[in-house]
Structures are given as C-alpha cells and as structure tokens.
Amino acid sequence: MSTPTAFRQRVCEAVADERVVRAVHLATWHKMEARAESMRQLRDPEAIRELAAQIKQHTLENLPHYLEQFVAQVERSGGCVHFAADADTARRIICDIAAAHGTKLAVKAKSMTSEEIHLNDALEAAGVRTVETDLGEFIVQIDHDRPSHIVTPIIHKDRQQIARALVRETGCEYTEDAEELTAIARRYLRDIFRRCDLGITGVNFGVAESGTLCICTNEGNGRMSSTRPRVHVALMGIEKLVPRLRDLPVFLKLLARSSTGQPLTVYTTLVTGPKRVDDPDGPEELHVVLLDNGRSELLTGEFAEVLRCIRCGACLNACPVYRNIGGHAYGSVYPGPIGSLVTPLLQGLDEHAELPRASSLCGACQVVCPVKIDIPGLLVRLRVRTRRSQPLLKRAAIRLWKWMMKSPTRYAWVQWCLSRLLPDCRDGWSRGGPGPLGAWTHCRDLPIPPKQSFRKLWRERLSDER
Ligand code: SF4
C-alpha cells in the first residue's frame, strides 16, 4: 500500500535529486518541442485528434462486439487466443506456454501491460531467463532499476550510468560514446535473439476486422521478438482494439508525433497469424493473451474514458508535476497524469489515494492528449471519491471555502481580512501565511488581494458616472 507519507517521502527524494530533475526537464522539454513542431505539419491536427477520440470511444462502447470479431479473426488466421481476467491468470497462461515449449530463454519487447502484471518476475521464477530487448528497458533490467516513463524508460539516467551498467553486464570497455554504447547493446542482444525460444511483445493496436496486431517500436526489437523465436506471445489489454485497418493511420499519425515528435515510429509491424507455409520466416505459433485486470469494470463506470489511452506519454512530458518529480515518485508502473488515474482505478483507490492529488490541474495534459481524454476533469472526480481519506483539518478548510464562496458578502469579507492579515508581502505577493497556509506559501507565492477590491472600484465608478 502506498501511504501519503511514503508518497511524500518519494517526492521529497525525487525533488532533491538535482541530476534526475535536470535530466527529466531537458528530455521532456525536447519532446514537447518536437511534438509541437510535428503536429504543426498535419493539415488539421485538431480534427485528427477528434477523430481518434471518437474511434476509441466508439470501440469502447461496443467492445464486446469488437472483441468477438477480433478473437474470431485471430483464430481464423491460425493464432490462439487466451483470456486473462487478472494479472495472476495472465502470468500463469504465459508461464504455461513457456513450459509447454521447454523455454529457457525468452526475449521481450517493451510492453507496459507486461510491466503491469510483473511478468518478468513470474517467468524468472519459472526458470525462464527473460531479456528485455528495448534498449531503455534493457538498461533498466541490467541496472536493477525501474522504468520512469512509459515511452522513455531511462529518462532519469545519464550516459555514465548507462555505460557503467553495460560494462557490468557485458564486460565491454568503458565508453561514453552513444553510438558505441548502442552497438555494444546491439551485439549483446543479437546473440540473445539467435538463441531464444520464445518472444513476448505488447500490442499497440489490435484490429478487430482482420485480427491484426500492430506493434510500434523505434529499434526494430518488436519485429525481431515477434518473428525470430518459434513462439510469439502477444499480451494486450482488451481496450487496445480499433475496428478497422483503415482506422490505424489515424492513430499511427498521432502516436509517434505525441511521443517523440516523429511522423511515424521507425518500425510499424503488422502481424496477422503465425508463419504460413510459404512464408520465409515468422513464428510457428502465435498466442494472443487478452488482459482484463479491472478494465471491464472500468468500462461500465464514469471513468471509462481513460481506456482510450494509447500510452503515448505526451501527458507526462507536458505535466509540470512529472517534470519536477520524475516517474519513480509515483510509485507505480504508470506514472504521470494518466498514471494518477489508471493506477488507483485498476489497483484500488484506497492504496493510491494520494495520486489523483499529485496534479496542479493546469490542464496541459489534456491539451496534448491525442485522444482528448479529460484528464483534469477525471482527476477531480477521483479526488471527490477520496474525500473521506483527507485529514480532518483539510476537510474543514474545504468546507469553510465552500461556505465562503457561496455568498458574495462572505467572499468580500474574507478578501478584506486577507488583504490586511497576510504578512510578509512584497510586490503584491505573500511568501509566508499564518498556520497551515504557511506550509503552502513556503514553496509558492500567494497573490495578495488588493486593498481595494474590483467590486468596490466598480461601485465607485458607477457612482462617479451618475
Ligand atoms: S492519456 Fe493521452 S497523452 Fe497521456 S499517455 Fe494516454 S494517450 Fe498519451
């Protein structure tokens, strides 16, 4: 369970680590600039975002139909579909597939869903060495660390840390040259690809009408993991469907642009069934594991909209809170604004009550979200549900605020009091309030209400005109 104290401690540690804060700031800033530039190249980005939101919403509203169609098409093309109601079942299914093929070495492409169910631990416990093949995830794995961004897992690491991790794992010469470091990882992973028995990937989009799996990567490791081993296991959340192949370009245009500012991910792999008789390569078996893990319950409630998420990470890059605390402080596989929704909704609000409050509600996340999820609105709704777990003093203060805001007279009175009572005022800002306000103003400036309110000025002006 993540308590408010544990959360505060993680945040304090994260903020104190200047190296991480600087690295995250720099990387997210570049991504936001690249995203803005890349979106400008689209003829009508707003129309495409609107269309993407509508397609996703329509799919969610008709999910049973599209799931049925998808399953039928995957089976028709020779694949095998497994339903996993929860993380335990998904882990068991995948471990059973590995055992049935005597797997000793598996490769894995980057997949947030597999992080969600802690798949690697289960496979390792079952005696299957599982190697991450996305460069960032590979570094995280060999450095015994955790990803801190849903698209860029090592956004918090610098080149020296990456170099040291590679030296430890591969015994290579120490270098800080980015190209050499990449080449070292590439050589190491090539050998793993040659020897592995099983490939595990996530799925960015599942196409219902054809049973096609769309896997997007920038390093080609998704394609290698899905074609090189004899058996391919694709793990996907049930919400990843789109109805038709012709819907895919809408999302492909937005996914890479929102993530990294690229017009398209470097490798966009479409998999329809296992290897056919006349195919030169490909897996002999394809298993698609459809994960529910709380999603169908979410689908029927007021938060269904979060299932539109295509995990592009743009909301993390745009979020001033994420940019200052990084991903680890959230204490969850899914960090940032979308994580502050998904984590409590899928894993329990009591355990993660502090996450919906880890937001300034500035709305930057919603502005960049390619599928137009109303993240701030949903965070507020989730906060309402956590009201009971708030400290008594805070609840009393919110009640007092409500009482004040309901009456113009009371509002004017409080404004008058504040303009005279707030100490330590400079240039119209207070930097130290009394009591609990002191903690708030310790790190924020509070604008001082002017001595003459707008109402008073307005009244005076009206009487002058008369
Ligand atoms: S909520 Fe929107 S912006 Fe954030 S990861 Fe999901 S799709 Fe991207």
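Only this structure's heavy atoms are used, side chains among them; waters, hydrogens and symmetry mates stay out. Numbers for residues simply follow the sequence, beginning at 1. Order of appearance sets the numbers: ligands from 1, and atoms from 1 within every ligand.
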Is the shortest distance from a heavy atom of V368 to ligand 1 less than 4.0 Å?
no
Within ligand 1, which atoms have a heavy atom of C315 less than 4.0 Å away?
1 (S), 3 (S), 4 (Fe), 5 (S)
Looking at atom 2 (Fe) of ligand 1, what's its closest protein heavy atom, distance included?
C369 SG, 2.4 Å
Applying a heavy-atom cut-off of 4.0 Å, say which part of I375 lies close to ligand 1: side chain, backbone, both or neither.
side chain
Protein contact of atom 5 (S) of ligand 1 - nearest heavy atom, named by residue and atom, plus distance
G313 N, 3.3 Å
Heavy atom of the protein closest to atom 7 (S) of ligand 1 (residue, atom name, distance)
I310 N, 3.4 Å
Any ion pair linking E46 and K372 (charged N to carboxylate O, less than 4.0 Å)?
yes
Consider ligand 1: state whether an atom of it lies below 4.0 angstrom from any non-hydrogen atom of S258.
no
Taking only non-hydrogen atoms of I338 and a 4.0 Å limit, the atoms of ligand 1 in range are 1 (S)
Compute whether any side-chain donor of one residue and acceptor of the other, for Q160 and E176, lie under 3.5 angstrom apart.
yes
Is a side-chain donor-acceptor pair under 3.5 Å present for T260 with Q262?
yes
Do D374 and P376 come close enough that some side-chain heavy atom pair is under 4.5 Å?
yes
Checking side-chain polar atoms at under 3.5 Å, does H156 have a donor or acceptor matched by the opposite partner on D17?
no
Looking only at the side chains, is there a donor atom on one of Q161 and D143 sitting less than 3.5 Å from an acceptor on the other?
no
Using a strict cut-off of 4.0 Å, indicate which atoms of ligand 1 neighbour a heavy atom of C309.
1 (S), 5 (S), 6 (Fe), 7 (S)
Note, V231 side chain near P283 side chain (heavy atom, < 4.5 Å):
no
C312 backbone or side-chain N/O/S under 2.8 Å from atom 8 (Fe) of ligand 1:
yes
